[in-house]
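In what follows, chains are A, B, ... by sequence order, proteins preceding strands, each numbered from 1.
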Amino acid sequence: MKNIKHILKAIASAILPGFGQVLNFQFLKALFFFIFFAGFVGLELATSHYFDEIDPYDVLTEETGEMFSDNFSKSFYQLYLFDKAMGTVDFPEFDTYYATVVEGSDDYLKMEELLTFIAEQIEEASTPRYFLLKQDLEYDSGIASTSNTGEIKDTDFVIGTDDAAIEAMNFTDVIYGVTIYMNNDVEYYKLSDEEYDGDTVLYQNVNDPTDRISSVEGFTEYKRTGSMYYDRTFGKVYIRSTISSSVLGSSDYRYTNILDSSDYYDAADEANWAYINSLYDLEIKGDVVFSSDNTLYVRYTPELNYQMVHGYNGTPFTDYFRNFITMRYASTQTSFDSGMYNRMLIEVYFIIHPELRVDFEAEFNNFYYDHAGVFVKGVWSLITLGTREKIVYDYKSLHAPLKSVSFTDQGILYPAVTGILDQTPLLGHVSSYLLIQGLIFTILLMYFVLIYYWNIRDAYVTSKKYAKVKKRETDFVWFKNIFTHGFEYFMMFPAIFVISFISVMPILFGFLIAFTSYSGFDSDTGLFTWVGFQNFTRIFNFGEGIPFAETFWSVLYWTIIWTIASTVTVFFGGMFLAIVINSERVPFKKFWRTFLILPWAVPALISQMAFSVIFSERGVVNSILSNIGLYDVFQKWGILGQTFNEDTMTALQQIFYLGNSNIQWFTNANNFWFVRIALIVINIWLGAPYFMALMTSIMTSIDKTLYEAADIDGANKNQKFRFITFPLVMYSTAPILVMTFSGNFNNFGVIYFITQGGTGRGDIDTAFAGKTDILISWMYTLTVEKKVYNMASVFSILIFILLGTVGAWNFSKTRAFKED
Amino acid sequence: MFLYILGGILVLIIIAIWTNFDIVAEINEVKGYQKYEGGMSKYIPGYGIKEALERETISHIFDDSFQALVGVKRLIGIFIRHLITLILIVAVVVPVAYFFGVSSVFRLVFSIFVVIVLWLTHSSITGEVYQKKGYSKVAGNFIGLIPVYGMIQAFKLNAKKQIFKGSFRAIIGVKEIFMKILTFGFLTLAAGIVAFPVVYLIGSSFTNTTTLPTLLWPTSDLFTLQNYADLFAEDSNFIVWYKNTFIIAVLSMILGIIFVTGAGYVFARFRFKGKKAGLMTILVLQMFPSFMGLIAMFTLFQVFGLLGKPTWLTVLYVGGSIPGNMWLIKGYLSQIPKDLDESAMLDGANKFQIFFKIILPLSVPILSFVSVGLFMAPWMDYMLPKYLLDVQLAGTDSNTVARQWTIAVGLFSYISNPQSSSYTTFAAGALIVAVPITILYMIFQRYLIEGIAAGATKG
């Protein structure tokens, strides 16, 4: 075990970088490694909160600001005492509460305690229950509404305590917001999928749950709205429906007794107008239901919002408190913003729902996410992609008792606090952010790991070398060596560093999301997870969900055809042009060459956009074609000027169908091959000139003696072309041909700027691909517009595999590769 | 039906006569006769060939090589070739004749076309006559640009060298003139097609209309300069786009060069651990669709709050351009002989000095090529700016969004929305962007085209 000493030193370095070097008596070097290590640990610690308490409420956004301080409750109490002394208010309950929570002379009412009392008040006034509709209706200018003050009457059924009685009442919901089918004055509605089993569609009597039928053929159809009307005289409630055939105009309304479908009044009948006008608009905080004996009740649960009114009820005390805040808001001495108001609302919300608070405080105090430093957090992010779902705390139901309203007191107008939210949205962990941060810091970690490895190896190697030659190089020499030998790395470092974050990291990111569930409109700010190869198998799962499989193969098919056709046409188009220009007959060759290269010199983006204008349906090409009378010919042949119809048109007409009123170069939905061919032809304009220029220069540079020798051997023109020109041109242009091939495969510009993907783009039936979309433009739509990131990424990987193979093969043939 | 059959038979007979005629001429030539020997018989299919074959050979041909001229395969080949030619001629002549009769526009365009083709043919013939007579062909071509006079001048010229009998036939023979017309017809057509979109774009930019211009060039009552004035109006976004793009372009050119030169130099000049791996990595990176990084870029920009801030795109252009350009520079520097470095090293220069004093001055051509490339990229890129800049930031309105764009996104916005398109403004803007680039490309075309070709073959 001769090596044990060296290994021990290496281990020493592994435990504490630089320690092995110290054992080797290389102190400067030790310091060098130690600084790196210290930097790494320092960075981790500096960015962490390992030893800090985390306040989960810090995750609340700006709009939900700070909590009111205890001074606020203190001054509230002082005002209360003042007002009480003045005799304007008196809340004995509050006095009792104050006496129990405030003990001793130096204690005072905390904000927390005040809000707890308010929450109690609100809860007391908002018992969830069933109550009789008619009992306490109040009438005011054509509106009938329940007071629902929170006082519990004997006839009420409190949810939670009188559950057995509620069960016995057998309550039925009033049906509205659905299509109603009526026959012989009996109304039915379609049951949703959850309410029945089996495949047959069932319709249920709106008044009698036991009456179900399976067909509504020949029934009258209309839609029930949620508006209800009250007949004060007879205590009947009517619900309004709109006849679906014509929803415009009041004359098409029908008012139906919610208990009896045969009792209805049509607004179309003038005789009913007087009666309808006598009905009261019904506004209720709660849902109207009826019991088995057809008594109308209201079901009230405070968490829900009803039409324009919000669930919870207030008390005089909450009103007093609310006005106090509004008053303070107007005061110039005390400043607070709507953020604090929102913070107070969510606090009350949490007091009412303590289980939500527990959940909130636990989840927003995640060790890795909230405490760890960048590196630990980075690795954790990569592995888990976050754990906390996005959540919304909807406290709109608290608005009725607590939302600030403007009021006038002693002639002074206090305006309401503005900017109060309906809910506090809390970002959970955002997986996309976590993935990218994870990648960045993992890459950075790699750099440190590299230095760490270097440090261990150095301890081992130096020690071993010393054992052999009994001599160490001094630290100075070592640093000098690093500088001279490390010149290459030093020069490359900026580029490599930039590449690793701007090139490698994004590509890695793009690569990794192919293995996640990253798609959908809220995925940008939400969670997604690792799903393995599931996305890859989707391209073989035909007939499931969004048809990615079918579309992928058809798009790939067209992409390949496009690639081959556009490359071949451009290549041989260019070659033909070059041959013609190079022919003996043509004078002013330079002029022709310069003129015909124009399309190459014009920026492709501009010419592609120009083509989309030129060939648009009302564009200049169509106008010229119609002017010279080509339209007449096409119309005579029946391939233009009539709507596409498979039954009346001959097969030939269908194949050559050009469009309806104009030639639809890029928008022909019925004959997409026409559009595709048009694209390929237009691409010749864009691509051929480059090859023309390239080939004329190759052709003129071919050694003339070759042709002379061929002349002597009696070769004719064709033979000279076939055996001299063509092979030489092919030899010089083959690598460019491969490049053009790759370029056309990913030719986003031609497809997107000219056709924008063609017809059908954005349809879910074709997985958002249009008829002329090639893979790259389809991916663009998927990413930018539809946010189906994971599938787009799968396709990128497939393109990479396809083109990478071609490219690598092509490159391996070049001299540059063989030399190195 | 009967008519069709009759027509078909007629076509077949014409082709048969034509084929027979051609082959008889060939046999005659081989046998040493005048091409069109043999009286009326050469117009009779089958019989003409038979008679020609039976004619006595008067040239010094030792075998019956001319028998190969009448093989069945060859006969069918020539037959089909003639058939196709005939169909093509009909396919061109019939529509041309039809539209010539129907449309005055077509009559005008076609007449111009014919005049140009004849003019070019005239010039070409004049040039060739000049050449035959021992004068400069180009001079002849130029003289030939003057109709009629040029030709007269050419035939009046005194020949400088001896002219063989019948050598003019090669210039003004029927077949040759037919080929000339075909060639110039094709070239004129190609030139027209090439010019059409360009002329249309220029024309539209001067057109006064709110809809799509449907004229190639505006009539005088529609002519306006307003589109250009609009672009440079006080509240125009075009200037903002131009400025945004220009800043990005300049910055990415400067930064890109700084980052890429050192790395290219190192890869070209030194052998070190990880070189091959590094080169391969860069190569693999290039093969990923640029698109793949797009999503990451978006997230990255979102994390750092850079969405909608055009200048920051520079970072992405610089990063994205490093791999490809590094290969270019590496390829170029590899061609500079290493002896230079070595002799400098002997003189005591260190690696930094060699780099700054020797390599850098020598690599000015490739660096300028790369700089131009870096400068151009942001002007013509659509995907990145559209995705990263077309973002409405909190507290801003839609017009602020438009002011974040680059030129490519802006120009496309003029035509992509059918409701609010402004085609003529688009044309004017497109021209302002395209003209400098086009001129630059035209001037450096030779260098650029061969440069790309060289890059592809040498790496």
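In this structure, chain B has no heavy atom under 4.5 Å from any part of A/Phe497. For chain B, no part of A/Val430 is nearby; none of its heavy atoms comes within less than 4.5 Å. Proximity to chain A involves both the backbone and the side chain of B/Phe142, based on heavy atoms less than 4.5 angstrom apart. The contact between B/Tyr200 and chain A is made entirely by side chain atoms (from C-beta outward), counting heavy-atom distances below 4.5 Å. Residue contact with chain B, scored on non-hydrogen atoms closer than 4.5 Å, involves the side chain of A/Ile436 exclusively. Contact of B/Met376 with chain A is not made at all, since no heavy-atom distance falls under 4.5 Å. Interface residue B/Leu145: only side-chain heavy atoms are found under 4.5 Å from chain A.
The main-chain N or O of B/Ile193 is found under 3.5 Å from a side-chain atom of A/Trp685 such that the two form a donor-acceptor pair. A distance-only check finds a donor-acceptor pair linking the side chain of A/Ser623 to the backbone of B/Thr214 [under 3.5 Å]. Side-chain N or O atoms of B/Ser124 include one that pairs as donor or acceptor with a backbone N or O of A/Arg585 at under 3.5 Å.
In terms of heavy-atom pairs under 4.5 Å with chain B, the best-connected choice from A/Ile799, A/Ile801, A/Ile776 is A/Ile776. When each of A/Pro603, A/Gly629, A/Gly510 is checked for heavy-atom pairs under 4.5 Å with chain B, A/Pro603 comes out on top.
Rounding to the nearest 0.5 Å places CD1 of B/Ile443 at 12.0 Å from OG1 of A/Thr594. Note: B/Phe99 CZ to A/Asn627 CG = 12.0 Å, rounded to the nearest 0.5 Å. The OH atom of B/Tyr98 sits 10.0 Å away from atom CD1 of A/Ile628, with the distance rounded to the nearest 0.5 Å. B/Phe259 contributes atom CZ, which lies 10.5 Å from atom CD1 of A/Ile499 (distance to the nearest 0.5 angstrom). Interatomic distance, B/Ile295 CD1 to A/Ser793 OG, rounded to the nearest 0.5 Å: 6.0 Å. Separation of atoms CE (B/Met179) and CD (A/Glu584) is listed at 13.0 Å; rounding is to 0.5 Å.
Ring orientation note: the planes of B/Phe412 and A/Phe753 are nearly perpendicular, at an angle over 60° on the 30°/60° scale. Taking the six-membered ring where tryptophan is involved, the planes of B/Tyr382 and A/Tyr752 are tilted, since the angle between them lies from 30° to 60°.
The heavy-atom pair separating A/Ala610 from B/Phe426 by the smallest distance is N-CZ, 4.1 Å. Considering all non-hydrogen atoms of both residues, A/Ser503 and B/Pro323 come closest at OG-CG, 4.2 Å. Contact detail for B/Ile415 and A/Ser612: the closest heavy-atom pair is CD1-OG, 3.7 Å.
Residues B/Leu300 and A/Ile440 are in side-chain contact: their nearest non-hydrogen atoms beyond the backbone lie under 4.5 Å apart. Counting heavy atoms from C-beta on, the side chains of A/Leu598 and B/Thr438 come closer than 4.5 Å.
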